[in-house]
Amino acid sequence: MTGSIFERFGWHVDADGIIRHDDRPCSWERGDELAGRHLDRRRSYAVIEGAICELASWSYACSGCYEGMYGHTERGCGCSECGFTGRRRNREFVPV
């Protein structure tokens with residue numbers, strides 16, 4: 001499995017209300033320079049507003065079918081929102 005790195009140069013909202021990012025490939029050397037260290041080539045990174053961000057992923061109980069507190073680690077009963085698994089998966093770039 002190999003990672004990747006890109007740089008975000010901006011974004012806009014299209015006519016349908018969808019956010020579109022202007023992402024372009026970035027060199028590992030530039031990423032290393034911005035991070036001040038050698039980045040792990042197996043992970044995915046983004047340069048957003050001049051900062052290095054790493055892709056993080058996690059799962060949580062589906063808010064559509066779990067009757068407890070939002071974000072609790074329990075499993076919901078299943079619905080169309082989560083594909084009847086009771087769990088949701090999320091991914092986001094977070095600053096390193």
inquiry  = If the condition is salt bridge (charged side-chain N to carboxylate O under 4.0 Å, His left out), which residues does Glu81 pass it with, not counting sequence neighbours?
reply    = Arg88

query = Do Asp23 and Phe9 have side chains that get closer than 4.5 Å, going by heavy atoms?
reply = no

key: Inter-residue atom distance Tyr45.OH - Asp32.CG, 0.5 Å rounding   = 9.0 Å

remark   = Between Cys62 and Cys79 the two heavy atoms that sit nearest each other are SG-SG, 3.7 Å

task = Taking side-chain hydrogen bond (donor to acceptor under 3.5 Å, both in side chains) as the test, write out the residues that go with Arg89, two or more places apart.
result = none

Contacts of Ala51 that satisfy side-chain contact (heavy atoms from CB on, under 4.5 Å) - sequence neighbours left out = none

By side-chain hydrogen bond (donor to acceptor under 3.5 Å, both in side chains) - contacts of Ser59 (at least two apart) = Arg87

inquiry  = Other members of the hydrophobic cluster containing Trp11, with the 4.5 Å side-chain heavy-atom rule, please.
reply    = Val13, Ile19

ask   = Which atom names give the shortest non-hydrogen contact between Arg41 and Leu39, and what distance separates them?
value = NH1-O, 2.9 Å

ask   = What residues, two or more places apart in sequence or in another chain, satisfy side-chain hydrogen bond (donor to acceptor under 3.5 Å, both in side chains) together with Asn90?
value = none

ask   = side-chain contact (heavy atoms from CB on, under 4.5 Å) with Val94: which residues, sequence neighbours excluded?
value = Ala56

pair Val96-Arg37: side-chain heavy atoms closer than 4.5 Å = yes

query = Can you name the side-chain hydrogen bond (donor to acceptor under 3.5 Å, both in side chains) partners of Arg30, sequence neighbours left out?
reply = Glu7

ask   = Which pair of heavy atoms, one from Ile5 and one from Gly31, lies closest together, and at what distance?
value = CD1-CA, 3.7 Å

query = To the nearest 0.5 Å, what is the distance between SG (Cys26) and CZ (Arg8)?
reply = 12.5 Å

key: salt bridge (Lys or Arg N to Asp or Glu O under 4.0 Å) contacts in which one or both residues fall within residues 44-56, not counting sequence neighbours   = Arg43-Glu54

inquiry  = Treating Asp14 as the side-chain partner and Asp16 as the backbone partner, does any N or O pair qualify as donor plus acceptor under 3.5 Å?
reply    = yes

Members sharing Ile48's hydrophobic cluster (side chains within less than 4.5 Å) = Phe6, Leu55, Phe93

